[in-house]
Amino acid sequence: MWDLLILDPMVNLLLWFYGILWDNYVLAILLLTIIIRLLLFPLTWKQQKSQVAMQELQPRLKKLQEKHKNDPEQLQQKTMELYREAGVNPLGGCLPTLIQFPILIGFYRAITRSLAASPIQLLDLSQHVYTNTPTWLPAPADLIPLNSHFAWLDLAKPDPLYILPILVVVTTWLQQKLLTPPSTGGAENQAAAMSRSMQLTMPLFIGYISLTLPSGLSVYWVVSNIIGLIQYMAMGKSSFKNLFGTEDGSFSLRGLIGLPQPPAEEKGRKRS
Amino acid sequence: MTIKRKYWLLAAVLLILAFVLSGCSSAANMLTGSSWPGIAASETTIYVAFGPHVYAVDPDTGRDIWRFPDEASRNQTFYAAPAVSEAVIVVGDYNDSLYGLDPESGNLIWTFKNDSGARYIGGATIDGDRVYAGSVDGTVIALDLATGDPVPGADPFTAGRDIWSTPVVDGDVVYVSSLDKHIFALDADTLELLWQYPPNGDPGDPEMGAIVATPTLYHGILYFGSFNNRLYALDTQTRSVLWTYPTDNWIWSSPLLDDETGFLVCGDLDGNVFALNPDTGAEEWRFKVDGPVVGAPVLDYLEDGTRIAYIAAGTSEGNNLYALNLETGTLADTPVTVEAEFTTRFLFFTTGQDTRPIQIYAAPLIIGDLLLLGAHQGNSPLYALDKNTLLDQWAFEPAGS
């Protein structure tokens with residue numbers, strides 16, 4: 001079922017795009033990435049919408065936390081009421097992310113399968129290419145073996161110069177940063193600390209993974225992140241406020257690296 | 001759900017994804033999973049290249065006589081079938097080197113390391129005092145058998161893509177097939193290109209597919225299959241195609257030519273086995289096996305003189321070894337007993353530990369009364385059957401594995 005619904009279509013689309021796009025595997029990955037992002041657009045839109053709604057609820061949630069800090073049960077009840085009232089599903093941001101994972105894993109498998117650098121991989125590929133293709137599409141057998149080289153990269157192997165993993169880290173971090181609102185007030189609450197920690201560790205973690213995976217997948221990751229950024233900005237949700245962590249969107253190194261802004265009075269004192 | 005819980009959930013999911021992807025990556029890089037054993041034999045010894053070692057195996061006991069290298073290295077694996085001569089065994093590794101080994105002791109005689117870091121998937125060929133080998137960067141080299149030094153005046157030839165096959169030497173000409181969809185004829189002394197098929201440009205064969213298998217040369221005709229679902233007969237004198245035979249899927253296997261029946265036998269990845277008239281390409285018979293045919297069919301005969309072809313079908317679910325009557329293309333009436341896990345005439349091979357069928361991609365090999373099967377999966381890379389009874393004789397299990 002996995003092969004039939006996800007993997008085989010991806011493999012054959014990659015092969016066809018490769019044939020149509022002048023035997024260029026990077027272009028094939030780019031095109032398939034764009035198509036996948038378009039298909040996932042309703043999900044990502046919902047995810048981002050949910051994220052924004054959650055951001056807007058933060059001040060009210062914070063008030064609730066302060067009000068019921070000694071009564072966790074009451075806090076939970078009131079929190080859920082607030083979600084209901086605002087029409088927000090707290091899982092609305094996570095579920096679309098979860099649904100995207102099979103696509104990501106399928107893409108990874110499709111890249112390694114279609115590049116088929118070893119006899120076992122090529123045999124495996126032979127069992128998954130569509131044999132009855134329309135005449136106006138390139139026949140997979142004519143395309144195999146694919147040319148996996150692009151610039152300094154062998155797309156079937158990790159990037160030897162570490163350029164793509166660095167780009168993966170930067171674009172993932174940038175996307176997370178733009179999506180996450182700055183922590184309000186000077187208080188160092190636990191959620192904000194967690195958020196900052198995630199902003200740094202997740203990109204590094206994904207970057208570390210991309211060190212070991214075929215660089216073709218890193219291409220997908222980078223392109224997907226860039227499209228996500230463009231999509232987010234096009235929706236008008238992105239702002240320098242999130243990036244620099246300041247209320248007015250002004251540059252702040254502290255905010256850029258995720259540290260909380262000092263309270264307004266402190267700022268005022270420093271200025272005076 | 002609080003922000004904290006949400007992030008923990010996201011972190012957990014990403015962690016799982018990371019493990020999944022890393023696991024996939026590790027699996028992809030597990031070299032023992034990249035190919036199947038390369039098997040060759042002299043009259044007295046079997047040589048198996050698989051995983052981290054090349055083994056010399058005693059055909060009587062199924063135990064290893066020596067292994068090379070002594071200590072396994074995580075970064076070195078072998079799949080290419082060793083080339084055997086009395087003086088030197090030549091085998092390439094999955095990194096970048098060819099090794100000349102002493103057949104008796106397995107001691108290293110010489111090493112040739114290529115500059116490009118290209119793997120050796122196809123076997124080398126020994127012809128007189130020379131060794132010819134092709135690597136995955138498309139380079140063909142000629143080495144001195146005794147020293148491993150490049151033959152003076154023989155500059156490496158480079159094809160457009162990988163070479164996974166074994167060079168075929170015919171007098172002064174070396175024939176090489178490549179995944180770049182060409183057969184090359186090279187001067188055996190200089191490795192200069194004499195000609196190629198398809199020729200460059202018009203009237204080339206725009207429909208030619210990648211060629212993985214080693215061509216079969218018989219009376220000046222090269223027989224080879226391609227990924228364009230065709231089997232070719234190419235006249236090396238006129239450099240023209242005599243005929244092509246269409247198949248249902250890619251052809252990976254080298255053809256077998258039986259000069260007694262005069263049939264050319266081959267199979268495709270759909271499991272179609274067919275016998276053709278080598279002069280005309282006309283189909284004599286056709287038989288369907290359970291899995292893709294990857295290894296070349298092997299010729300043998302039964303005690304009553306019936307000529308048969310052993311066909312390995314690389315399936316993990318059904319029957320995986322067939323003995324076909326070469327005359328009729330039907331299952332041969334082999335003298336099997338029911339003690340082993342056979343159906344009547346084909347083998348549902350047991351791994352010894354369990355009854356899961358093993359995948360056999362390597363071509364079967366016959367040495368004396370033994371029928372040898374190289375397994376891609378299972379507990380052993382090599383199984384030996386008595387070819388007269390098809391009973392399990394031994395399974396080679398490398399010490400320390």
Side-chain angles (χ1 to χ4, degrees), chain A residues 54 58 61 65 75-76 79-80 83 89-94 97-98 101 104-105 108-109 112-113 117-123 125-127 129 131 139-145 147 156-158 180 189-195 197-199 201-202 205-206 208-214 217, chain B residues 1-11 13-22 24-29 31-36 79 94 119 121-122 136 160-162 164 179-181 206-210 212 226-229 248-250 252 268-270 291-292 294 314 359 361 376:
Chain A
M54 288 293 287
Q58 285 308 305
L61 276 173
Q65 283 165 2
L75 173 62
Q76 192 167 2
T79 304
M80 295 314 290
Y83 286 150
N89 180 356
L91 285 173
C94 291
T97 309
L98 289 175
F101 284 154
L104 180 64
I105 293 169
Y108 162 72
R109 295 283 307 277
T112 51
R113 178 172 280 177
S118 72
I120 288 293
Q121 286 174 334
L122 189 55
L123 260 179
L125 176 62
S126 74
Q127 306 299 307
V129 293
T131 49
D142 293 344
L143 306 169
I144 291 167
N147 180 9
K157 296 178 181 174
T180 312
N189 65 51
Q190 205 175 8
M194 180 73 68
S195 169
S197 169
M198 293 291 284
Q199 276 179 22
T201 52
M202 276 302 115
F205 199 46
I206 293 172
Y208 170 74
I209 295 169
S210 69
L211 282 174
T212 63
L213 295 180
L217 189 72
Chain B
M1 183 180 282
T2 64
I3 291 176
K4 182 183 171 186
R5 287 181 63 189
K6 185 177 160 187
Y7 275 112
W8 274 118
L9 178 63
L10 189 62
V13 170
L14 286 173
L15 196 64
I16 292 166
L17 177 70
F19 279 120
V20 169
L21 290 177
S22 300
C24 292
S25 170
S26 302
N29 292 330
L31 295 176
T32 50
S34 298
S35 192
W36 43 89
Y79 297 112
Y94 209 60
R119 299 165 173 171
I121 291 177
V136 300
R161 285 301 304 263
D162 314 38
W164 288 11
L179 269 68
D180 77 355
K181 308 174 183 179
E207 294 180 350
M208 175 62 79
V212 177
S226 166
F227 280 8
N228 65 354
N229 300 7
D248 293 345
N249 204 331
W250 303 353
W252 194 302
D268 68 15
L269 293 188
D270 264 3
V294 177
Q359 289 178 306
Y361 293 131
H376 163 55

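In this text, all values refer to a predicted model and were calculated from it rather than measured experimentally. To find a chain, count down the sequence lines: A is the first, B the second, and so on, and within it residues start at 1.
- Neither the backbone nor the side chain of B:Val136 comes within contact range of chain A; no heavy atom of the residue lies under 4.5 Å from a heavy atom of that chain.
- Side-chain atoms of A:Lys157 and A:Pro214, non-hydrogen and from C-beta on, never get closer than 4.5 Å to each other.
- Remark: the backbone N or O of B:Trp250 is paired with a side-chain donor or acceptor of B:Asn229 at under 3.5 angstrom.
- Per-residue counts of heavy-atom pairs under 4.5 Å with chain A were compared for B:Asn249, B:Asp180, B:Val294, B:Leu179; the largest is that of B:Leu179.
- Looking at A:Leu143, the atoms closer than 4.5 Å to chain B (heavy atoms on both sides) all sit in the backbone: N, CA, C or O.
- Per-residue heavy-atom pair counts under 4.5 Å with chain B were compared for A:Ala139, A:Ser126, A:Ala117, A:Pro158, and the maximum is reached by A:Ser126.
- Per-residue counts of heavy-atom pairs under 4.5 Å with chain A were compared for B:Lys181, B:Met208, B:Glu207; the largest is that of B:Lys181.
- Residues passing the side chain to side chain contact (heavy atoms under 4.5 Å, CB included) test with A:Pro119, sequence neighbours excluded: B:Ser35, B:Trp36, B:Tyr94, B:Ile121, B:Trp164, B:Trp252.
- Formation of a donor-acceptor pair under 3.5 Å by the B:Asp268 side chain with backbone atoms of B:Asp248 is found in this model.
- Here A:Asp142 pairs with nothing under the salt bridge (Lys or Arg N to Asp or Glu O under 4.0 Å) rule; sequence neighbours left out.
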